[in-house]
2 protein chains.
Amino acid sequence: MSNRERILEAAKALFNQYGPLNVGTNKIADYLQISPGNLYYHFQNREEIIRTIFLEISDAADRAVQVGTPGRGSMADLGDVLLNSVQVVWHYRFFYGNLVQLLRNDPKLKALYLQRRETSLAFLEAVLRDWLQNRHDRDGLSETDLKILATNVWIVAVNWIGFLQIEKEDNQITRPDLLRGAFQILEIMKPYLDQETIRLVHDRLHTRLQELEQNSRFGNTG
Amino acid sequence: MSNRERILEAAKALFNQYGPLNVGTNKIADYLQISPGNLYYHFQNREEIIRTIFLEISDAADRAVQVGTPGRGSMADLGDVLLNSVQVVWHYRFFYGNLVQLLRNDPKLKALYLQRRETSLAFLEAVLRDWLQNRHDRDGLSETDLKILATNVWIVAVNWIGFLQIEKEDNQITRPDLLRGAFQILEIMKPYLDQETIRLVHDRLHTRLQELEQNSRFGNTG
DNA sequence: GTCTATATATAGATAGAC
DNA sequence: GTCTATCTATATATAGAC
């Protein structure tokens, strides 16, 4: 692994552990036992490190929802999308837990993030329009309701981990806690899904949890 | 106003404007044109200032939901509770927008906040049990669903302002934006309210907005 | 690419005079 | 209660040698 990559990995780990505002460039360099000068050879400044990590986040988020693209696969995939999304937020919790502050201190990052959020929200809206159309009869969702709903889904998805972090230390947060996040988001859509779909998604989520429990040890950054 | 009170007011204003992590004790003192020593006569340290503000927040939050106490008044009061709550979060947005970080850096504040949140969530759950019982027949809410719902209401209420702050500068956020927050929370409960109640709450919210538009100019801290 | 050394700014906080 | 003066730690960042 090149030093550039090591810097990015160390930054993520330290940001998650101590909070991005308690971790400066010197701490990252100390941690890797390289010099500050070395770090500044690879990155112009601290903000550039965070912006680079944000590009990584964007890719991870894309992969997380890919399986849910309308018209592909079964409704059970909704379960994957929910759990994957919560996992991405967990993986990069330093970012989502300090959004306002991070964006305020870096206009470039703010522009990147905002553009990205608009696209994602529009996509989410389209996906929900597709997923939630079953009950489109009497209780049918207006376009306004759909927008509000999509925003609620977004807010809960992005902030569930932060909600958790307040009642638990990072190293006490477990896979079932992430699953709870998926159910938390699902609850918002529940009134607009039929019983069969809800059952399908529940089953998928429990299957995913079992896989996760077996496969690998739970790492704070993974 | 005593210097102690002026320090608290200045801290709130500066924290909201620049973010609490960009505002140190020296900046607060500079802003008030008093000496750092003076500030440290009134408060042991920066954390004590924030903890003191948190007590103020707790009081404001209590007042915000008081009108919604079960058994008192009409369902339209739900509208007041929603709007009042969003207003409190707006007023102290520096706090809610940096919760994870602030609590991580001050264990005493974390203990205060956590205790408070548990009480508030239990209360919210009780209130929802009361408000949402109308449809308690076929689609009836289980106790589990009620807990998840209460948590969703909490997450959206606390994070709506942060969501807004990312797309708008502080001084561009208007009263209608706060109203949107109330509707955003209402949307979560909507499936469990009857049409008449929804209409009542809508009316109340619009009335409240008109009052607000007339009464006073919009201040960033008020 | 990586290092050492250092410039500069600012943070939190305290001692002691008035 | 309020001030001046100051200590100490740490942050970001750069220059220039290797």
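Please read all numbers here as calculations on a predicted model, not as lab measurements. In the text below, chain A, chain B and the rest are named by the order of the sequence lines, each starting its count at 1.
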Determine: side-chain N/O of B:Tyr41 to OP1/OP2 of D:dT2, distance under 4.0 Å, yes or no.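 For D:dT2, OP1/OP2 do not have a side-chain N/O of B:Tyr41 under 4.0 Å.
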
Can you see if the side chain of A:Asn38 gets near the phosphate of C:dG1 - specifically, an N or O under 4.0 Å from OP1 or OP2? no

Atom-to-atom span, [atom1] of [X] to [atom2] of [N] - whole angstrom:
{"X": "A:Leu39", "N": "C:dT4", "atom1": "CG", "atom2": "C1'", "result": "16 Å"}
{"X": "A:Leu32", "N": "C:dG1", "atom1": "CG", "atom2": "P", "result": "16 Å"}
{"X": "B:Leu21", "N": "D:dA11", "atom1": "CG", "atom2": "C1'", "result": "14 Å"}
{"X": "A:Ile34", "N": "C:dT4", "atom1": "CD1", "atom2": "P", "result": "11 Å"}
{"X": "A:Gln33", "N": "C:dC3", "atom1": "CD", "atom2": "P", "result": "10 Å"}
{"X": "A:Tyr31", "N": "D:dA11", "atom1": "OH", "atom2": "P", "result": "17 Å"}
{"X": "A:Ile28", "N": "D:dT10", "atom1": "CD1", "atom2": "C1'", "result": "14 Å"}
{"X": "A:Tyr18", "N": "D:dT10", "atom1": "OH", "atom2": "C1'", "result": "16 Å"}

Who pairs with B:Gln66 by side chain to side chain contact (heavy atoms under 4.5 Å, CB included), at least two apart in sequence or on another chain? B:Arg63

Select one nucleotide: of C:dC3, C:dG1, D:dT2, the one nearest the side-chain heavy atoms of B:Ser35.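 In terms of side-chain proximity for B:Ser35, the closest of C:dC3, C:dG1, D:dT2 is D:dT2.
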
Can you measure from CZ (A:Arg93) to NZ (A:Lys12) and round to the nearest 0.5 angstrom? 11.5 Å

So, the side chain of A:Arg175 versus the backbone of A:Leu212: is there a donor-acceptor pair under 3.5 Å, distance only? yes

Mark yes or no for whether A:Asn152, through its side chain, and B:Ile185, through its backbone, hold a donor-acceptor pair below 3.5 Å.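 No, because the side chain of A:Asn152 does not come within donor-acceptor range (under 3.5 Å) of the backbone of B:Ile185.
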
Report the C-alpha separation of A:Glu9 and A:Arg6 in whole Å, then their side-chain angles, then the decisive distance to 0.1 Å, and conclude whether the salt bridge (charged side-chain N to carboxylate O under 4.0 Å, His left out) test is met. CA-CA 5 Å; A:Glu9 292 305 308; A:Arg6 292 178 67 225; over 6 Å; no

What side-chain donor-acceptor pairs closer than 3.5 Å can you find for residues 21-28 of chain A, not counting sequence neighbours?
{"residue": "A:Asn22", "atom": "ND2", "partner": "A:Tyr18", "partner atom": "O", "Å": "2.8"}
{"residue": "A:Asn22", "atom": "ND2", "partner": "B:Asn105", "partner atom": "OD1", "Å": "3.0"}
{"residue": "A:Thr25", "atom": "OG1", "partner": "A:Tyr40", "partner atom": "OH", "Å": "3.2"}
{"residue": "A:Lys27", "atom": "NZ", "partner": "A:Asn22", "partner atom": "O", "Å": "2.9"}

For a quick check, with a 4.0 angstrom heavy-atom cut-off, what is the B/S/- contact string for nucleotides 10-18 of chain C, read 5' to 3'? -SBBB----

Quick one: sort the B:His202 and B:His206 rings into parallel, tilted or perpendicular, breaks at 30° and 60°. tilted

